[in-house]
Amino acid sequence: MAEAAPLYDTYSRAPLRFERGEGVWLITEGGERYLDFGAGVAVTSVGHGNPHVVAALKEQADKVWHLSNIYEIPGQERLAKRLTDATFADKVFFTNSGAEALECAIKTARRYQFSKGHPERFHIITFEGAFHGRTLATIAAGGQEKYLEGFGPKTPGFDQVPFGDIEAVRAAITDATAAILIEPVQGEGGVRPATAEFMKALRQICDEKGLLLILDEVQTGVGRTGKLFAHEWSGITPDIMAVAKGIGGGFPLGACLATSEAASGMKAGTHGSTYGGNPLAMAVGSAVLDVILADGFLEHVRDVALVFRQGLASLEDRYPDVIEDVRGEGLLLGVKAAVPSAELLQAIRAAHLLGVPAGDNVIRLLPPLVVTAEEAREGLARLERAAESIRASKVKKTA
């Protein structure tokens, strides 16, 4: 009888074991090379083994790793200043993950209303198909039954409406509403972008009703869509924003950004983190920003994204029996499969290309942002091979 695995059985893992990475490539223990268009679910923003980021980590590792927030941490002040200089925000709270950044955002919004004399205003309007994390509050915010089942009563205070339905948003607002929380592009929900008009309407509603607009840019942020943050495409700014994934380039790092007004209720003792903002994370986060904010980098992301999107559109035209739709923004792209998405995912892995499953029968393609046009074309060629293999298999079955 086989010995039971010592790990929780919470993941359905692919039978692949990677030993090292180089740029947009992952190499298995056996030496096989895979083109990584999953990037650890939009995390490895500046590629595997980025020399500048690795050097920053090593330099800091020789100094001090952890201090806790009992003391001042200069790296936090430096990175926070860079983030506030580049965004709408005035204040930053550092976390270790996206879910923690969302928890901070939710607490910030509720505490704001409380501090303004409205403790009854703690409800947050969220959207069907959303994914905000795996904590008890964030699975309630996401509202998806498959994540809520078996964990007791749903954490109260989250009111869901259909994605993109502005009248449903208006109808959901009550005297208990504190904020609206949205992903500019739903990643886990199937790579569904919100329109600029919808985002502008949400901003207007929040201004009219005294609500805070919270953006979950955990997956869409730090250059992923070709702007530093996805909300820039719609020309609006939030009051609070959750960031993670790409900001650490693979190191666990998240942040909650807010205006001074939105963060005004977060006084000493109202929130905290043991590891959040540790010196190692700050050194890595700052090095990642060096790359992302360099002259021409975001233009590069947009240029490669155009090549990639055009290639995907061509594949959609030529393989309608395999690819039903292509959607997304920048290098956050989704291929809606015309076959079961698990079948397409298996086929692209067989072509040594990596992607990430999502809702609505979609496979996400999320290459590191340093991907070149040539590497994008190589990914397209591998996706075409996968589509050919699926088509051939269907022909064989009907023969």
Side-chain angles (χ1 to χ4, degrees), residues 21 38-50 52-57 60 73-105 108 131-133 138 183-185 187-188 214-232 237-238 240-258 273 275-294 297-298 300-301 329-332 356 366-371:
V41 194
V43 167
T44 320
S45 52
V46 294
H48 298 284
N50 183 283
H52 180 66
V53 178
V54 170
L57 176 64
Q60 185 60 50
I73 299 174
Q76 283 191 27
E77 295 166 14
R78 285 194 295 270
L79 183 53
K81 182 68 164 58
R82 297 186 73 184
L83 288 169
T84 56
D85 283 349
T87 68
F88 71 96
D90 306 302
K91 299 286 186 179
V92 181
F93 182 95
F94 289 111
T95 69
N96 310 287
S97 68
E100 289 176 59
L102 261 300
E103 288 275 340
C104 180
T108 298
F131 181 83
H132 297 298
T138 53
E183 301 157 278
V185 182
E188 180 82 12
I214 309 171
L215 296 187
D216 178 344
E217 291 239 27
V218 168
Q219 188 162 159
T220 58
V222 197
R224 177 54 56 184
T225 68
K227 297 280 191 181
L228 185 58
F229 290 101
H231 66 265
E232 296 173 38
T237 56
I240 306 169
M241 179 170 68
V243 182
K245 289 189 181 290
I247 195 172
F251 195 95
L253 173 58
C256 179
L257 280 63
S273 172
Y275 292 108
N278 67 78
L280 279 175
M282 297 300 92
V284 171
S286 194
V288 168
L289 277 192
D290 289 342
V291 178
I292 302 292
L293 295 178
F297 186 84
L298 292 175
H300 158 82
V301 173
E329 191 74 65
L331 291 176
L332 171 52
V356 180
L366 312 161
L369 304 181
V370 295
V371 64

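All of these numbers come straight from a predicted model, not from anything done at the bench.
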Looking only at heavy atoms, which two atoms of [X] and [Y] are closest? And how far apart?
X    : Y    : value
A42  : Q219 : CB-CG, 3.9 Å
F229 : V222 : CE2-N, 3.7 Å
L102 : H132 : CG-O, 3.6 Å
F88  : L257 : CZ-O, 3.9 Å
A80  : F94  : N-CZ, 3.8 Å
R224 : A39  : NH2-CB, 4.4 Å

Start with the C-alpha distance between L83 and L79, add both sets of side-chain angles, then the distance that settles side-chain contact (heavy atoms from CB on, under 4.5 Å), and finish with yes or no. CA-CA 6 Å; L83 288 169; L79 183 53; 4.3 Å; yes
Mind telling me whether F297 and H300 have parallel, tilted or perpendicular rings, with 30° and 60° as the class edges? tilted
Is it true that the side chains of R82 and S286 contain a donor and an acceptor less than 3.5 Å apart? yes
Let me see the working for V218 and E183 under side-chain contact (heavy atoms from CB on, under 4.5 Å), right down to the final yes or no. CA-CA 8 Å; V218 168; E183 301 157 278; over 6 Å; no
Apply side chain to side chain donor-acceptor pair (under 3.5 Å) to E103 and list each qualifying residue two or more places apart in sequence or on a separate chain. T135
Go through the structure and list residues passing side chain to side chain donor-acceptor pair (under 3.5 Å) with S97, not counting sequence neighbours. E100
Could you grab the distance from atom [atom1] of [X] to atom [atom2] of [Y], nearest 0.5 Å is fine?
X    : Y    : atom1 : atom2 : answer
I247 : I292 : CD1   : CD1   : 10.0 Å
M241 : T87  : CE    : OG1   : 5.5 Å
E217 : L228 : CD    : CG    : 8.5 Å
T108 : I214 : OG1   : CD1   : 8.0 Å
E329 : T220 : CD    : OG1   : 10.5 Å
C256 : F93  : SG    : CZ    : 8.5 Å

Residue pair F251, N278: steps toward the side-chain contact (heavy atoms from CB on, under 4.5 Å) verdict: CA-CA 11 Å; F251 195 95; N278 67 78; 4.3 Å; yes
Using only atom types and a distance under 3.5 Å, with no angle test, would you say the side chain of K245 pairs donor to acceptor with the backbone of V41?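 A pair under 3.5 Å: yes.
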Is there a donor-acceptor contact under 3.5 Å from the side chain of Q76 to the main chain of G277?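 At least one qualifying donor-acceptor pair exists.
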Using side-chain contact (heavy atoms from CB on, under 4.5 Å), reason through L366 and L332 one step at a time and then give a plain yes or no. CA-CA 5 Å; L366 312 161; L332 171 52; 3.1 Å; yes
I'd like to check the side chain to side chain contact (heavy atoms under 4.5 Å, CB included) partners of S45; sequence neighbours left out, ordered by chain and number.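 Listed in chain order: V288, L369.
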How about V284 and L253: do any of their side-chain heavy atoms sit closer than 4.5 Å?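 Not in contact.
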Test item: S273 and N96 side chains (from C-beta on) under 4.5 Å apart, heavy atoms: yes
Are more than 12 heavy atoms from other residues, nucleotides or ligands located less than 6.0 Å from atom NZ of K91?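 Count not over threshold, so no.
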